[in-house]
Amino acid sequence: MKTNLREQKIISLLESRGEMTVGDLSDILGISVSTLRKQLADMQERRLIIRTYGGVMSVNQFPDETFDSKLHKNVSEKRRIATKARSLIPEGSSVSLGSGTSVFALSNLLDDMERAAIYTNSMQAAEYLARCASLDVHICGGIIRSATGTIIGTEAYNFFNGINTDFAFISCDAIDDSGEVYSDNVAVATAESAILRNAKHKYILCDSTKLGKTSVAHIYNLKSCDALITGKNDTLVAEALAHSCNIIFV
């Protein structure tokens, strides 16, 4: 088994089981413990897994909710968010799209553009936009997270770290009361932060249920973004954020 395929298998096993011993993982993969340890050390350096005493565990400490499950939550709010985001993108723009259902809702509104270059780490967004002959669609390489269709890993990070786009839109799992943006997964956060880094205009799209929460993997701070686009929310968190960051309520 090639190294990249083995890496994908390791991540898939860990995300389904949580934690495994090096010995058990070695048996399943059919490779020596010494070879496996070298690969695990490399993967840990790239924040794809967490080494433990005698074992290894997933960086994702939360069970993956499937893309389809998320797709049917807060549908009308996500539609409003996507509509507002679409209004910000002029013809001829280059656009980076992260993963997540709010960003996917935006991708579904880009099919009326006569010309644009789209870069994404979302399998679902790429599949939808690839049908549009007028769009130049690029998808990064890397490891596919089976439950969500998000592409992660060094290839994904390097892909986005090496391009400059006019706009970048990502989603998230949580935003705390100081405007820090989080993912539930370290590897996803690494890829999504690269998506934002080299874009002229940076936007976070998320429904209002994510506000006032925190999670394990930091992505960005809202103060470094053009705006957060979210649903109307009467919480004190939303009010506090509005004083220090640009928030567009829809």
Side-chain angles (χ1 to χ4, degrees), residues 47-48 59-60 62 64-67 70-71 73-74 78 81-82 84-86 88-89 93-110 116-130 135 137-175 179-207 210 215-222 224-230 248:
R47 301 172 72 192
L48 295 177
V59 292
N60 183 15
F62 298 85
D64 275 347
E65 184 178 1
T66 67
F67 180 86
K70 292 180 179 180
L71 194 62
K73 292 182 177 179
N74 306 310
K78 289 174 183 175
I81 291 168
K84 179 59 183 178
R86 173 65 185 87
L88 301 172
I89 308 171
S93 297
S94 55
V95 183
S96 294
L97 299 176
S99 58
T101 51
S102 293
V103 178
F104 178 68
L106 169 61
S107 74
N108 281 221
L109 300 179
L110 299 179
I118 311 296
Y119 302 83
T120 187
N121 71 331
S122 165
M123 293 289 291
Q124 292 86 355
E127 182 181 12
Y128 180 83
L129 292 170
L135 300 178
V137 181
H138 305 258
I139 187 169
C140 67
I143 300 163
I144 303 169
R145 302 183 73 225
S146 57
T148 62
T150 305
I151 304 174
I152 58 171
T154 302
E155 288 179 77
Y157 176 84
N158 290 340
F159 177 85
F160 287 105
N161 209 36
I163 62 174
N164 295 284
T165 57
D166 298 317
F167 293 87
F169 299 89
I170 71 160
S171 191
C172 65
D173 293 308
I175 300 177
E180 300 294 347
V181 181
Y182 297 92
S183 170
D184 288 344
N185 184 282
V186 175
V188 172
T190 301
E192 303 283 276
S193 64
I195 289 172
L196 292 177
R197 189 172 297 117
N198 294 332
K200 292 177 185 175
H201 303 289
K202 316 172 202 293
Y203 291 90
I204 310 295
L205 311 183
C206 75
D207 63 76
K210 311 288 179 60
S215 194
V216 296
H218 180 260
I219 302 175
Y220 235 70
N221 188 286
L222 288 179
S224 299
C225 299
D226 287 64
L228 161 68
I229 305 178
T230 188
I248 300 173

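- For the pair Ser171 (side chain) and Leu205 (backbone), a donor-acceptor distance under 3.5 Å is present.
- Gln124 approaches Thr148 most closely through the heavy-atom pair NE2-O, 3.2 Å.
- The CD atom of Glu180 lies 11.5 Å from the SG atom of Cys172; values are rounded to the nearest 0.5 Å.
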All N/O donor-acceptor pairs, side-chain side in residues 99-106, below 3.5 Å, sequence neighbours left out:
{"residue": "Ser99", "atom": "OG", "partner": "Thr150", "partner atom": "OG1", "Å": "3.2"}
{"residue": "Thr101", "atom": "OG1", "partner": "Lys78", "partner atom": "NZ", "Å": "2.7"}

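- A distance of 11.5 Å separates CG in Asn221 from CG in Leu196, rounded to the nearest 0.5 Å.
- Residue Asn198 is tested with Thr165, Asn164, Ile163 for a side chain to side chain contact (heavy atoms under 4.5 Å, CB included); the sole match is Asn164.
- The closest side-chain heavy-atom distance from Ile143 to Leu48 is below 4.5 Å.
- Rounding to the nearest 0.5 angstrom, the gap separating the CG atom in Leu222 from the CD1 atom in Ile175 is 5.0 Å.
- What you find for Ser193 and Tyr220 is that their closest heavy atoms are O-CE1, 4.0 Å.
- Side chain of Lys202 to main chain of Ser224: no donor-acceptor pair is present (N/O by atom type, distance under 3.5 Å, no hydrogens or angles).
- Listed by first and then second residue, the ring-ring contact (aromatic ring centres under 6.0 Å, His included) pairs that reach into residues 185-204 are Phe167-His201, Phe169-Tyr203, sequence neighbours excluded.
- Interatomic distance, Asn161 CG to Ile195 CD1, rounded to the nearest 0.5 Å: 11.0 Å.
- The shortest heavy-atom contact between Leu129 and Ser107 is CD2-O, 3.2 Å.
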Dump the intermediate steps for side chain to side chain contact (heavy atoms under 4.5 Å, CB included) on Arg145 and Asn185, then the final yes or no. CA-CA 11 Å; Arg145 302 183 73 225; Asn185 184 282; 3.3 Å; yes
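- The two residues Arg86 and Leu109 have their closest heavy-atom pair at NE-O, 3.1 Å.
- At distances below 3.5 Å, at least one donor-acceptor pair connects side-chain atoms of Asp173 with backbone N or O atoms of Asp184.
- Ile170 approaches Ile219 most closely through the heavy-atom pair CD1-CG2, 3.7 Å.
- No donor-acceptor distance shorter than 3.5 angstrom exists from the side chain of Ser183 to the backbone of Ala217, with no hydrogens or angles considered.
- Considering only heavy atoms from C-beta on, Phe159 comes within 4.5 Å of His138 through its side chain.
- A donor-acceptor pair is defined here as one N or O able to donate and one able to accept, closer than 3.5 Å; such a pair exists between the side chain of Thr120 and the backbone of Ser122.
- Here the straight-line distance linking atom CD1 of Ile204 with atom NZ of Lys210 works out to 11.5 Å at 0.5 Å rounding.
- Under the 3.5 Å distance criterion, the side-chain polar atoms of Thr230 are matched with a main-chain donor or acceptor of Cys206.
- Taking all atoms of both residues into account, the shortest heavy-atom contact from Ala156 to Ile151 is CB-O, 3.8 Å.
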Begin from the C-alpha positions of Glu192 and Asn121 and carry the test side chain to side chain contact (heavy atoms under 4.5 Å, CB included) through to its verdict. CA-CA 9 Å; Glu192 303 283 276; Asn121 71 331; 3.2 Å; yes
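- The distance from atom CD1 of Ile229 to atom CD1 of Ile248, rounded to the nearest 0.5 Å, is 4.5 Å.
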